[in-house]
Amino acid sequence: MCTWSDVLKLHAVMAEFGRFYEQQYAVALFNSVRYEIEGGGNTQTQLLHRKEPLKNKSIFSGGLFQYLEESKKWRSRFLYVGDSYNISLYESKAAHDRGIHSKGVINCAGYRALTSMEEYLGLLNNSLGDTKAKSASAPFLKCPTQFPLILWHPYARHHYFCVMTEKEQKKWHAVFQDCVRHSNNGLSEECKVATPAFTDALRLYRQAKGHYGTWDMMCGNQAQILANLVMETLHPELKNLIVPRLKGKLQQRQKDWMLISDAVYRQVLSQTKTQHEALAQVCEMERPRLDSALRTDMDQIITSKEHVSGKIRALVSPRIEQLVRSKVQPYIHSILEALMEPTSRGFSEVRDILFRELVEVSKNTMNDSSREKLGEHMDKISMLAFHPVKMQNCYEKMEALNLEGLQQRCDVSSPSVFIQRAQILMRQQMDNAVHTFEQLVHQSLDGHSGEDLCKTIQRCQDRVLKKYDYDSSTVRKKFFREALLQIIIPYMLKQLSTSCSPDLPKFKELIFEDFSRFILVESIFEEAVLQSVSKDIMMAVKEAAVQRRHNLYRDSMVLTNSDPNLHLLGEDTIDWAGQFGGVKGETQGGEVTNRKRKQIVSMIQLDGVPLPYESCQEVPGVDGIPEENEGQREQDLETEKPVNPVQQVPIEKEPGSPESVTEIRDLINPVLEVVEKDSSQLTNRMLPLEEGDEVKHITTVTEIVSRESPKKVEGELDATQIERALEEQQCVSAIESAIQQIEIAIQEDPGEHLSEGAIDSDGEFAQTSKNSSPLHHDDSGFQSPANENVEEVEPQPDTGDEVVDAEQVMLTLVEGVKTSIDLDAKATCDASEKKTEVETTADRCLL
């Protein structure tokens with residue numbers, strides 16, 4: 001889809017970015033080696049940190065419905081979210097369990113998880129740039145339920161899902177948001193050279209284009225960020241070129257534009273991935289030579305840099321100080337207050353959730369102090385930080401961050417950069433606290449009885465909460481300082497660029513050529529700006545801590561020697577289920593298989609009521625959701641669906657095998673059962689039928705009833721019972737008369753309406769006879785059961801001694817189609833109590 005001019009623009013962007021990256025790679029290597037030589041300590045944390053918290057874990061898995069662009073239909077899919085936070089799509093849960101290759105994988109970097117079609121249409125209309133589009137216009141697809149889930153991306157393909165209940169929607173939305181949050185944080189902080197070089201090169205490239213503020217599309221890994229950087233320039237040009245040429249209605253133009261944008265984005269992503277890998281490889285190959293030069297001449301390089309820094313600072317300091325006094329200092333406290341309020345609420349909510357979970361463990365231990373139960377409870381709490389549903393309340397507190405007044409003044413595109421960063425810090429602190437609690441409890445397990453164990457757990461709980469308070473204050477203060485710098489520094493650089501940038505190139509003459517790779521005048525100028533405002537930012541944060549606002553601690557409050565041996569504990573995750581519960585995951589090649597990994601989020605279930613379709617365990621067939629082009633026919637058939645009396649929601653019955661054809665026939669031809677209690681309704685000793693009704697099947701079943709002598713009956717029955725017995729005898733006589741007339745009709749024309757291949761009693765069916773009457777043809781393709789070869793039995797004579805319960809006479813009617821009459825009668829037998837069964841079958845005989 002990319003034209004030749006687009007390819008040239010892509011290569012031009014990558015070439016310019018490559019020059020910035022090579023320069024910043026050498027500077028980042030210099031800073032890393034200098035830090036290593038001179039040393040520099042960070043604040044000692046009180047909580048422990050584990051290396052691989054999600055090892056052999058899965059976040060969530062379950063079933064929902066997905067809209068497929070290729071077929072324009074909704075289909076059931078099984079989604080699996082592993083420890084990489086990529087969403088894998090499978091045909092079914094069985095396909096995932098068997099290890100079948102997935103239908104696709106979604107990397108959520110740069111996406112937004114939406115739950116409203118109105119919000120999605122607003123973003124869609126804005127991306128198309130059509131002034132005639134209305135925000136309330138109909139979408140190009142119809143969601144079959146009221147609970148959609150949409151993954152929206154400004155350039156890539158959109159993904160559409162839906163679920164059946166609001167509870168499912170909230171859980172899936174929390175999972176999708178966690179996937180987006182994790183995927184956006186794609187740059188590893190452990191890479192002390194490559195990551196700083198990449199971020200600084202990206203910032204300098206955008207500043208050269210006039211973009212000084214934060215960038216909310218800095219999402220994903222290096223290749224994805226570079227693809228977004230290319231699309232930031234290429235996308236508007238393509239839209240101006242292609243959108244006016246699109247034909248059709250608004251919905252069709254939106255759909256076509258999304259497909260074109262996705263095709264271009266995928267090609268750009270492929271190119272940026274290849275070119276970035278080549279660029280990184282070149283820099284890595286040159287790293288040993290640069291590292292050797294740095295370590296040899298480190299002292300001289302530092303001296304030369306300080307000399308140049310003094311010259312530049314003497315020139316720009318008056319301008320910087322004036323800008324800080326007039327346009328920065330008055331706004332520092334207001335910006336800090338806007339950051340502190342939602343951030344502190346979020347971290348306070350993390351502490352509350354942690355406290356509740358630890359108290360729950362203590363209570364459960366008091367009820368059952370066995371090691372097995374303790375291992376079970378600890379296993380549940382171990383992944384608390386990565387439970388998106390339980391952590392959702394903490395994340396929502398941070399969503400209230402409002403920097404609306406700063407977005408124009410300081411060129412802040414959106415607060416999403418700061419929101420996601422704070423949410424990631426919340427998750428890290430929660431995991432550190434839980435991991436520390438696990439290590440302390442595990443260390444204290446040996447040699448403690450049940451009563452001592454409860455006290456030990458409570459002591460560990462108090463220690464962890466105290467450590468969390470201290471680390472939470474430290475992390476928040478660092479976050480506030482970094483956020484203030486990210487907001488203020490770009491604004492100051494933009495204001496000073498016109499007055500200071502023309503004077504910087506002349507300072508390059510003061511740098512030795514051998515050191516020019518490690519000393520850049522542009523970097524020195526930015527360091528001067530940073531140092532000028534850092535003092536004011538530090539004072540503002542320190543003042544808030546001294547006042548104990550938002551539970552911030554002073555820097556002088558250090559928990560010295562509180563736990564000197566704490567950091568000697570392990571950093572790996574404790575397998576509580578394996579050590580105390582005897583449950584270990586299956587391994588294959590040294591790794592736990594995906595389908596055997598422990599899942600953090602539980603399956604979705606309504607409280608006390610099973611779901612109409614088990615959305616996270618078994619997904620129903622696609623017939624349960626109307627297709628896009630289906631009309632009134634599906635709505636008319638909804639009234640015929642069987643209803644579960646507990647749930648009161650339609651349940652789709654899956655087609656059975658040939659052995660269940662009777663059940664299928666009953667669904668096609670619903671049967672109405674009527675109980676005739678009054679024998680007076682019998683007309684001419686026969687049951688009345690509506691016009692068009694036909695007799696399909698008659699069965700008479702008799703039960704064994706002990707016969708007593710007439711003298712004994714007369715002695716035990718009163719007058720009322722005798723009268724009732726006489727009425728039952730009359731009813732039996734009417735029934736026997738109806739049976740005799742039906743048999744006479746069969747004998748007169750025994751094969752007139754019988755089909756050659758009738759369905760037997762077990763539900764099996766054969767081919768229909770060619771001579772079957774067209775008047776009674778069943779459009780469903782199934783014929784009514786008619787036991788053609790059933791053995792006829794002579795009817796029993798009416799002896800007058802039989803007693804029939806009128807309530808057991810049942811009539812089954814089907815309007816306009818075939819009718820089935822089941823007559824059950826109780827009759828007395830002789831003194832030997834022998835059982836007699838009479839079955840008479842007729843096909844299509846009118847009464």
State, yes or no, whether a side-chain contact exists between T343 and M398 at a heavy-atom distance under 4.5 Å.
yes
Rounded to the nearest 0.5 Å, what's the gap from CG on L151 to SG on C179? Could you check?
8.5 Å
Determine whether a donor-acceptor pair (N or O, by modelled atom type, separation under 3.5 Å) exists between the side chain of H550 and the backbone of L552.
no
Nearest heavy atoms of R517 and E22, plus distance in Å:
NH2-O, 4.1 Å
Rounded to the nearest 0.5 Å, the CG atom of L124 sits from the CD atom of E119 at a distance of 12.5 Å
Would you check if there is a donor-acceptor pair between the side chains of S344 and R476 at a distance under 3.5 Å?
yes
For the side chain of T474 and the backbone of Y470, is there at least one donor-acceptor N/O pair under 3.5 Å apart?
yes
Salt bridge or not for E232 and R206, using N-O below 4.0 Å?
yes
Distance-minimising heavy-atom pair for F518 and A26:
CD2-O, 3.7 Å
Quick one about N125 and Q254 (side-chain donor to acceptor, distance below 3.5 Å, no hydrogens or angles considered), yes or no?
yes
Is the NZ or CZ atom of R181 both under 6.0 Å from the centre of the six-membered ring of Y395 and within 45° of that ring's axis?
yes
Residues in salt bridge (charged side-chain N to carboxylate O under 4.0 Å, His left out) with D216, at least two apart?
none
Should we say atom CZ of R319 is surrounded by more than 12 heavy atoms from elsewhere, each under 6.0 Å from it?
yes
State plainly whether the residues E513 and K508 are in salt-bridge range, i.e. N to O under 4.0 Å.
no
What closest approach, in Å, do P342 and A400 show between heavy atoms, and which atom pair accounts for it?
CB-C, 4.4 Å
Derivation and outcome, side-chain contact (heavy atoms from CB on, under 4.5 Å), residues N432 and T45
CA-CA 10 Å; N432 292 345; T45 60; over 6 Å; no
So that I can tick it off, tell me whether K477 and E482 are bridged by a salt bridge, with the cut-off set at under 4.0 angstrom between side-chain N and carboxylate O.
no
Does the side chain of L229 reach to within under 4.5 Å of the side chain of T272, using non-hydrogen atoms?
no
No-hydrogen, no-angle side-chain donor-acceptor test under 3.5 Å, S188 and E190:
no
With ring centroids as reference points, do H235 and Y265 lie under 6.0 angstrom apart?
no
What I'd like to find out is whether the side chain of Y111 reaches to under 4.5 Å of the side chain of F176, using heavy atoms alone.
no
Exam field: side chain S261 to backbone Y155, donor-acceptor pair closer than 3.5 Å
yes
A side-chain contact here means heavy atoms from C-beta on lying under 4.5 Å apart; do R203 and E526 qualify?
yes
Looking at every heavy atom in both K192 and S32, which two are closest together, and how far apart are they?
CB-OG, 4.2 Å
Within the side chain of N184, is there an N or O that forms a donor-acceptor pair under 3.5 Å with the backbone of M218?
no
Could you tell me whether the side chain of H173 and the main chain of A113 form a donor-acceptor pair under 3.5 Å?
yes
Do F515 and F30 make a side-chain contact, defined as non-hydrogen atoms from C-beta onward lying under 4.5 Å apart?
no
Just verifying a value: how many Å separate K506 NZ and K311 NZ, rounded to the nearest 0.5 Å?
10.5 Å
H276/F198 aromatic ring centres below 6.0 Å:
yes
Applying side chain to side chain donor-acceptor pair (under 3.5 Å) to Q177 and Q392, what does each step give before you reach the verdict?
CA-CA 9 Å; Q177 283 185 314; Q392 185 65 17; 3.0 Å; yes
Walk me through it: do H153 and N228 pass the test side-chain contact (heavy atoms from CB on, under 4.5 Å)?
CA-CA 11 Å; H153 194 283; N228 295 335; 4.2 Å; yes
How long is the straight-line distance from OH of Y331 back to CG of L484, given to the nearest 0.5 Å?
15.0 Å
Under the criterion side-chain contact (heavy atoms from CB on, under 4.5 Å), I'd like the reasoning laid out for V475 against Q429: C-alpha separation, chi angles, the key distance, then a yes or no.
CA-CA 9 Å; V475 169; Q429 289 302 300; 3.3 Å; yes
Below 4.0 angstrom, N of the basic side chain to O of the carboxylate: do R295 and D291 qualify?
yes
Lys/Arg-Asp/Glu bridge criterion (N-O < 4.0 Å) met for D469, K466:
no
So Q420 and N185, do their side chains get closer than 4.5 Å, heavy atoms only?
no
Answer yes or no: does atom CD of Q281 have more than 12 heavy-atom neighbours from other residues, nucleotides or ligands under 6.0 Å?
no
Which class fits the ring pair Y21 and Y25: parallel under 30°, tilted 30 to 60°, perpendicular over 60°?
tilted
Contact summary for I487 and F418, nearest pair of heavy atoms:
CG1-CZ, 3.5 Å
Within a strict 4.5 Å, meaning less than it, do heavy atoms of the Y205 and V13 side chains meet?
yes
NE2 of H307 to CD1 of I302, rounded to nearest 0.5 Å, is 16.0 Å
Checking D514 now: which residues fulfil salt bridge (charged side-chain N to carboxylate O under 4.0 Å, His left out) with it, not counting sequence neighbours?
none
Q46 versus D471, side-chain donor and acceptor atoms under 3.5 Å
no
Would you confirm whether D178, through its side chain, and A174, through its main-chain N or O, come within 3.5 Å as a donor-acceptor pair?
no
With a 4.5 Å limit on heavy-atom distance, are the side chains of I488 and I332 in contact?
yes
Ring-ring centroid check Y120 H158, cutoff 6.0 Å:
yes
Does any donor atom in the side chain of Q275 or H11 lie under 3.5 Å from an acceptor atom in the other side chain?
yes
Are any of the side-chain nitrogens in E399 or R345 under 4.0 Å away from the carboxylate oxygens of its partner?
no
Closest contact, heavy atoms only, R351 versus L465:
NH2-CB, 3.7 Å
Separation between CD of Q24 and OG1 of T199, rounded to the nearest 0.5 Å
8.5 Å
Electrostatic pair E341-K397, nearest N-O below 4.0 angstrom
no
We want to know whether N107 and Q224 form a side-chain donor-acceptor pair, criterion being a heavy-atom distance below 3.5 angstrom.
yes
Applying side-chain contact (heavy atoms from CB on, under 4.5 Å) to L485 and V533, what does each step give before you reach the verdict?
CA-CA 8 Å; L485 290 174; V533 74; 4.1 Å; yes
